[in-house]
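Just so you know, ligand 1 is whichever comes first in the structure, and atom 1 is the first atom listed for that ligand. Along the sequence shown, the residues carry numbers beginning at 1.
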Amino acid sequence: MPFSSLGLSGTLCAAAHAAGFAAPTPVQQGAIAAVLQGRDLLVRAQTGSGKTAAFALPLLQQVLPQEAGRGALRRVQALVVVPTRELAVQVGDVLKGLAADLSPAPKISVVFGGVSINPQMMGLRGGTDIVVATPGRLLDLVDHNALQLGDVRTLVLDEADRLLDQGFSEELARVNALLPLQRQSLFFSATFGPQVSALAQTLLRDPVRVEVQDAPDTLPDIAQSAIAVDTRSRTQLLRHLIQQYEWSRTLVFVATKYAAEIVADKLRKAGLDAEPLHGQLSQGKRSQVLDDFKASRVRVVVATDLAARGLDVVELPVVVNYDLPRSADDYTHRIGRTGRAGQAGLAVSFVTADTEAHWRLIKKRQGLDVVLEAVEGFEPTEVAASPQALVDMSGNGGVKGKRPSKKDKLRAAAEVNPGA
Ligand code: AMP
């Protein structure tokens with residue numbers, strides 16, 4: 001199915017081809033025509049599925065050219081709300097790239113917190129056509145009268161589950177109250193827990209549903225492996241693997257900012273170009289680390305879950321879970337950083353005696369068939385420190401026939417992953 005069969009203009013089809021998109025991905029096939037027909041959308045799609053272009057292309061087609069200057073103010077027609085600064089920049093880049101040849105070109109503004117608000121306010125003078133924003137800064141700009149949302153015709157919530165995970169539900173309710181009732185809403189989420197479903201229900205009217213998560217042909221090509229290792233040997237093992245297998249670009253996930261700093265520091269001392277990436281770094285520093293990573297000036301980035309979403313490094317061959325993620329969903333998001341845009345990827349998880357039960361839980365939730373292996377020279381010797389870590393999550397019952405309750409499982413998960 002070509003892009004042109006979805007109702008997109010010739011210029012936008014050409015823009016998609018120029019971006020290297022030969023044919024629409026399943027989520028694009030399901031979403032683009034429906035958006036152009038003005039329908040609301042409820043999309044379950046992982047990052048890596050092509051979901052950004054799935055809303056960016058029809059949005060660009062729908063935005064009407066506005067006269068700017070001579071006192072005329074551009075009014076915001078489309079609003080894209082995203083959970084993180086990184087995703088805001090990325091979505092902004094996709095929109096700007098696809099809009100490059102549109103004439104007249106829409107004005108696209110990207111705003112997020114953690115940096116001075118003044119340049120963003122200056123950038124919004126004269127109005128704008130499309131805004132990509134994180135919720136807090138969006139509301140700050142509204143409060144400063146730098147933005148008005150009363151003319152928005154299309155709202156996109158991107159990674160809605162993450163928006164809620166990050167505690168943005170009040171901000172989203174405020175944004176919703178500022179938008180016209182008559183509008184189109186497009187809702188994207190990788191997961192649909194009760195909170196996400198409730199939010200979707202309040203925002204959407206008779207939505208077209210698009211689900212691509214489970215279609216086997218859309219699953220990225222990611223090989224997964226798990227290595228049993230002692231807690232204290234993980235950095236050495238990481239170094240060994242990077243060097244032995246000559247991993248070019250490696251994204252390493254840890255549980256805390258402190259761990260990100262320490263592990264990156266140790267790797268640097270061992271001669272590897274490594275940088276930490278976490279929420280306590282300035283926005284400038286975070287952007288620089290990502291730019292250096294993409295340009296191969298940095299070989300290893302040691303990140304907290306902040307980077308688990310939104311980060312799009314097309315050629316990212318390896319993701320390492322140095323610390324296991326808190327939940328099975330986070331596991332999906334982390335490993336989804338690799339194997340993007342049709343490339344093969346590798347996801348390696350380090351499993352210690354204390355996190356083994358948690359690993360089994362993740363495996364079970366994800367339906368993974370991954371055998372726990374050991375690497376020669378790094379065979380584990382530690383035993384689990386807490387009895388909870390021994391709770392058997394993989395079978396029908398728990399230790400000594402006691403079937404663990406939901407609470408037991410949550411407690412065990414918290415216990416074995418205290419830094420999370
Ligand atoms: P996303 O799910 O939006 O984060 O996109 C994941 C990756 O897929 C990005 O690197 C896009 O450039 C790429 N992509 C998006 N649409 C297509 C397409 N139709 N064909 C090939 N690659 C695509």
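Side-chain atoms of Tyr322 and Thr235 form a donor-acceptor pair, as typed in the model, at a separation below 3.5 Å.
Taking a cutoff of 4.0 Å between a charged side-chain nitrogen and a carboxylate oxygen, Lys363 and Asp369 do not qualify as a salt bridge. The existence of a salt bridge linking Arg286 and Asp291 is excluded, since no basic side-chain nitrogen approaches an acidic carboxylate oxygen closer than 4.0 Å. A salt bridge links Arg74 with Asp129: at least one charged nitrogen is closer than 4.0 Å to a carboxylate oxygen. Between Arg162 and Asp330, at least one side-chain nitrogen of the basic residue sits less than 4.0 Å from a carboxylate oxygen of the acidic one, meeting the salt-bridge criterion.
Within the structure, the closest approach of Ala23 to ligand 1 falls below 4.0 Å when heavy atoms are considered.
Contact annotation for Phe3 and ligand 1: only side-chain heavy atoms (C-beta onward) come within less than 4.0 Å of the ligand.
Heavy-atom proximity to Lys51, at under 4.0 Å, picks out these atoms of ligand 1: 1 (P), 2 (O), 3 (O). Listed by number with element, the atoms of ligand 1 under 4.0 angstrom from any heavy atom of Thr25 are 17 (C), 18 (C), 19 (N). Atom numbering of ligand 1 starts at 1 in the shown order; those under 4.0 Å from a heavy atom of Thr52 are 1 (P), 3 (O), 4 (O).
One option in Phe188, Phe21, Phe55 has a heavy atom closer to atom 11 (C) of ligand 1 than any other, and that option is Phe21.
Polar contact check, Gly20 against ligand 1: no nitrogen or oxygen pair lies under 3.5 Å apart. Checked by distance only, ligand 1 and Gln90 stay at 3.5 Å or farther apart across all their nitrogen or oxygen atoms.
With values rounded to the nearest 0.5 angstrom, Gln280 atom CD is found 14.5 Å from Lys285 atom NZ.
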